[in-house]
Amino acid sequence: MYSAILFRTIFGKTMRKDPQARILHKQNWGDYFILALESPRITSEAHPGQFLMVRVGETSFPLLRRPFSIHAVQDNALEIFFQTTGLGTRQLSLKQEGDRLDILGPLGRGFNLDIEGSTPKAALVGGGRGIAPLYFLSESLRLQGVSATIYYGGRTVEDLPLRKKFLAAGYPLHCSTEDGSYGFKGLITDHLIQDLKQNPADRIYACGPDGMLKRLAEISQEYSIPAELSLEAIMGCGFGACWGCVHRLKKDQEIGWQKICEDGPVFPAEMIIWEKE
Amino acid sequence: MYSAILFRTIFGKTMRKDPQARILHKQNWGDYFILALESPRITSEAHPGQFLMVRVGETSFPLLRRPFSIHAVQDNALEIFFQTTGLGTRQLSLKQEGDRLDILGPLGRGFNLDIEGSTPKAALVGGGRGIAPLYFLSESLRLQGVSATIYYGGRTVEDLPLRKKFLAAGYPLHCSTEDGSYGFKGLITDHLIQDLKQNPADRIYACGPDGMLKRLAEISQEYSIPAELSLEAIMGCGFGACWGCVHRLKKDQEIGWQKICEDGPVFPAEMIIWEKE
Amino acid sequence: MTHSDLSIDLGFCRLKNPVIAASGTFGYGTEFSRFFDLNRLGGFVVKGLYSTPRPGNPPPRLVETASGLINAIGLQGIGVKRFCQEILPQLQDLDTAVIINVCGSHEEEYAAVAEHLDGFEGIAAYELNVSCPNVSTGGSCPALDPEATHRIVSLVKKSCRRPLITKLSPNTGKIIEVAKSAEEAGSDAISLVNTFLAMAIDAKTRRPKLANVLGGLSGPAIKPIALRMVYQVAQEIRIPVIGMGGITTSEDVLEYMIAGASAVEVGTANFVDPEAIPLIIDELDVYCQTHNIERLASLTGTLAPL
Amino acid sequence: MTHSDLSIDLGFCRLKNPVIAASGTFGYGTEFSRFFDLNRLGGFVVKGLYSTPRPGNPPPRLVETASGLINAIGLQGIGVKRFCQEILPQLQDLDTAVIINVCGSHEEEYAAVAEHLDGFEGIAAYELNVSCPNVSTGGSCPALDPEATHRIVSLVKKSCRRPLITKLSPNTGKIIEVAKSAEEAGSDAISLVNTFLAMAIDAKTRRPKLANVLGGLSGPAIKPIALRMVYQVAQEIRIPVIGMGGITTSEDVLEYMIAGASAVEVGTANFVDPEAIPLIIDELDVYCQTHNIERLASLTGTLAPL
Ligand SMILES: Cc1cc2nc3c(=O)[nH]c(=O)nc-3n(C[C@H](O)[C@H](O)[C@H](O)COP(=O)(O)OP(=O)(O)OC[C@H]3O[C@@H](n4cnc5c(N)ncnc54)[C@H](O)[C@@H]3O)c2cc1C
Ligand SMILES: Cc1cc2nc3c(=O)[nH]c(=O)nc-3n(C[C@H](O)[C@H](O)[C@H](O)COP(=O)(O)OP(=O)(O)OC[C@H]3O[C@@H](n4cnc5c(N)ncnc54)[C@H](O)[C@@H]3O)c2cc1C
Ligand SMILES: Cc1cc2nc3c(=O)[nH]c(=O)nc-3n(C[C@H](O)[C@H](O)[C@H](O)COP(=O)(O)O)c2cc1C
Ligand SMILES: Cc1cc2nc3c(=O)[nH]c(=O)nc-3n(C[C@H](O)[C@H](O)[C@H](O)COP(=O)(O)O)c2cc1C
Ligand code: FES
Ligand code: FES
């Protein structure tokens, strides 16, 4: 019944190309960047957990678009939040206010926001750049009367550039760093377990590295809290045409390689089959 | 004896890579651009008619450096003047003041400035973007007491963006356009012939399209005025390693495919063998 | 605005324009109907079909290289039976050439897939993917060998009722011989090229970047080699040639046509821009008008000497 | 700063480091001595030499493609005799491996070039360019065929005194067979790949972009295919493999070594950056130190399963 909720088509199949989305503003902390893109139609149709495919250059190198979660939405604009990790994100980080980007979106299925109960509580867990979709999610949950607590983990304090943004927006925020430079010393999943005792949740939403998501799937079972996890994969197209982005998933009782760009990137934890390390 | 003058090594074999030449300023008229590059060592060794190989992007597409004549030299900086014609020049035109360029130079053999006679006169003929090396040349000739007259041709008035620069520097300037939108209506070579009667020259220097250079080679013979012509070719390296940039030339009595990046790009007209159209 | 004549006559089939979406890069077609009207296409080739469903390879299945893409999807698919039940009915009302990419692990499987498809309407032609890796011969494929190609083409041609396009692999030094033997065996057209066998390694982990280790390279990187192959093959055979490899713009289409292609397929570019093909078709129309070309088809094989 | 051990033992020859400048992209060596001390190189291969001077092809000889370069230089050169008189004396005092790329229009010419070179000192090895287009067979080359390769390698091996590196062409589906037959015929090492036969067309003029129509593709575009070939060949032969194709960074070198190469050659990158090779060597040194790799050579053939 849980997956039934997910699979009724919560989000339409609308998806648009906007070849001229203007960069309204840019923010930067070390390796991390925010770009706000003016794109009224994509913005109006966006749902938390969905993503964009962004063209980062004009030539065929880099060749493919890059996937980025929709980080925030305001008026006519949506934001992406990204970390520079390779050629494409480096090129993207050189773009300036006023430049235009060719984007495709909104893509995929996002988070299921239906939580039953009168005062539902959600735990939003973001690892590193995986925090990206959780801001849009927290804002949307708030509109639905769900109170969201943010769990934000990174290797070091530099990996937590959005902590002020969440605090400013008034969300309870728990941070962790592996090196102890800020907040809880250790993994964000351990921090979550500790906190769940005083601060139980009706739903876990998460995005981050595979190791973190796998651990959250276990926690979801142990604590009987449904979890919605956002996966990453190399994407050729982002809209179901290449079959490049598969993950092993259980769907309609069958286990197989399923496209995460169309059926996901967000899945209920119990659908996801984790490979051996 | 003429080629003997050319072939004593007027210009040393110095050639440097400057991976961080800063763009000091930028000018633009339509398709045409000037970039001033701070590069003390290359500047101090530059000779008119020599060129740079410029890296226009960071990835392997476009792959090769692009050749540009040294347009002007001042203090620690040299200028290039270019027209956007394809991917590489388009990318170059997007660079901004403060950006850094990876350049190699000075390359090739430039114009021979030795003109005998007490009040020598030179005719400098530039077609379109071929005007590029002639500003540096005119300034150098002036230092040697040679008076230079500029003949500057283009398809239309928009192709003559440097006319004010030459006038401001005090050179006699004759312009032509094929559509008659500015100056003499027709080819710059016809304008030159007309003018040579009143205003004879001891030497022709030229850079521009092959058709123009070929006609100047004929004029050089007819009027017995030695001419030095700067050729263009697709260049793989710019420093003699690839054998990609050949033109048919007569050298030491032998005719063959010679590299223009090393032996040229400037050659005395009589060395150049023109192919059938 | 008057439109130019972009239509192409392949003999066995007429296309509105020379631009066909390439197999494996256009899903089953329906994925792109969200972006544009599929009837604008010259045609499209659906993802390769075997007689039974195939699970495909484990991920990572894709890796980018300089101006290229290596894929090792492993022909994941629903098999010809489910395709005919679930997908084909959605395609049958289209007014564009629907071409089916026919695969097989052995010769009889190719014929079985074609025979099954013969029972349904709404298909313009079969594209015989003789470049499928053959498990029993250690990953080599029939298209590397003129004789094996001849056998498969003859067999399928005999056992089915539709026109055959034989799709060649570039991983051979004998592309001309293979093309000729497909022609002799009765193929109605030749399409080339499939992807180039390639690999990528992560120097940090010392592991292959694809779970399958080897994959197929496509995209602009391969265009100069593919164009050369099309040029060579077109000079040696009389049946039409459908050229592909790295096409992203109308200029690329023109180059393939000038080299000898009657039509082209566009693959990887569909991933980068789902509207790539309609944009290319629009540009071709403008090109013909500005250059006073009455029939685009007249460009085929017009390479002039330098 | 202590340095790591970058040296490579090819059996017949020891290199300071695995990075060799590729034939045809490094002139006769002297062109680069303006940029850096040639003794820093693992070695360099001079431009291909025939027995007599060759005029080369008319221009245009080069055209850029997406992340690639097509060349049709046509092996313009001064011939082996003038080379030995005029150039070789300038190279003889170098403390790096000087390798001569030996060409021929027919089998005997290869042997004649090698025999002439045998009369001079200061040469580490011959690289047999069996990928030279053979005029008498319409442009095809011995490296496409295992038997022809076997004949040439045997003949040259018999008639000369120096180690032989056989350089293979990628324009074949039989690269493993060709490599094996070169090994059987006595080759001391294999180098691969030479350029991919390719072309480019100017859609505006409908003319080829190279006067020679066809040329050879090199550069980053070809790396994924070349790396795959090196990987396949290295698993099947016992003599050392020298890998090349699109190398521009130290990471590329590591990928080729992990795939099975004992050493590498760098070609097109020398045009883009004349200091590419010394930069790569410096990076390799840093890499070994940061990763505690005592001997860089230990990386060869260490591709781990995914
Ligand atoms: C649905 C989805 C949403 C994402 N949202 C965000 C986000 O909001 N912020 C953010 O910083 N990152 C996000 N990522 C990851 C981001 O797409 C990659 O970091 C980025 O593509 C790397 O590109 P590159 O050129 O810099 O790296 P390179 O390593 O040069 O890229 C090479 C290729 O690998 C792919 N690739 C590399 N790393 C990843 C990865 N981790 N996941 C998927 N593909 C990868 C690239 O797309 C490209 O095709 C998301 C990924 C997915 C699948
Ligand atoms: C010695 C020399 C000096 C030059 N000086 C100038 C100058 O001062 N100002 C200026 O505007 N232009 C100059 N040019 C021409 C300039 O190099 C080309 O316009 C430029 O390389 C085009 O690059 P692209 O990427 O924009 O064009 P594309 O057409 O995309 O280039 C593709 C390839 O062709 C080569 N190419 C294209 N056109 C030419 C050409 N006409 N000559 C040589 N190679 C070409 C490019 O270098 C590149 O390798 C000079 C050329 C040479 C050989
Ligand atoms: C992800 C992917 C999947 C492919 N699947 C198939 C296939 O199922 N059958 C086939 O014949 N070719 C397949 N191809 C090859 C393409 O149809 C085409 O031949 C090749 O990609 C070259 O064209 P391009 O450079 O325009 O992509 C596939 C290519 C890609 C990139
Ligand atoms: C301009 C040019 C000339 C070449 N000449 C030769 C040659 O004379 N002999 C030879 O064996 N290979 C020749 N090659 C091939 C290179 O040595 C090398 O095999 C190929 O370029 C692939 O490496 P790369 O991608 O690093 O350039 C030449 C390549 C280029 C680009
Ligand atoms: S990214 Fe292409 S199918 Fe998912
Ligand atoms: S450009 Fe390479 S030799 Fe002249």
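Predicted model, so just to flag it, every value in this text is computed and none were measured. Below, chain A is the first sequence line, B the second, and so on; all start at residue 1.
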Got more than 12 heavy atoms from elsewhere within 6.0 Å of CZ, R100(A)?
->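 Result for CZ/R100(A): enclosed.
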Would you say the side-chain atoms of Q76(C) pair up with the backbone N or O of W243(A), donor to acceptor, closer than 3.5 Å?
->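 No; judged by distance alone, with no hydrogens or angles, the pair does not exist.
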Among G238(A), G244(A), C245(A), single out the residue with the greatest number of heavy-atom pairs under 4.5 Å to chain C.
->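 Top count of heavy-atom pairs under 4.5 Å with chain C: G244(A).
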Taking H247(A), R248(A), R65(A) one by one, which has the highest count of heavy-atom pairs under 4.5 Å against chain C?
->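 Top count of heavy-atom pairs under 4.5 Å with chain C: R65(A).
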Does any backbone or side-chain atom of [X] lie under 4.5 Å from a heavy atom of chain C? Answer side chain, backbone, both or neither.
X: L104(A); value: side chain
X: P19(A); value: neither
X: M53(A); value: neither

Are side-chain heavy atoms of C242(A) and T25(C) found at a separation under 4.5 Å?
->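 No, every pair of side-chain atoms sits at 4.5 Å or beyond.
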Do the two ring centres, one from F32(C) and one from F239(A), sit under 6.0 Å apart?
->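 Yes, close enough.
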From [X] atom [atom1] to [Y] atom [atom2], the distance as rounded to the nearest 0.5 Å:
X: L62(C); Y: C237(A); atom1: CG; atom2: SG; answer: 8.5 Å
X: I234(A); Y: K209(C); atom1: CD1; atom2: NZ; answer: 8.5 Å
X: F35(C); Y: R16(A); atom1: CZ; atom2: CZ; answer: 10.5 Å
X: L64(A); Y: E64(C); atom1: CG; atom2: CD; answer: 3.5 Å

Interchain contact, [X] with chain A, by part (heavy-atom threshold 4.5 Å):
X: S67(C); value: both
X: N270(C); value: backbone
X: T65(C); value: backbone

Residue pair R61(C), W257(A): steps toward the side chain to side chain contact (heavy atoms under 4.5 Å, CB included) verdict | CA-CA 11 Å; R61(C) 290 177 168 189; W257(A) 302 117; 3.5 Å; yes
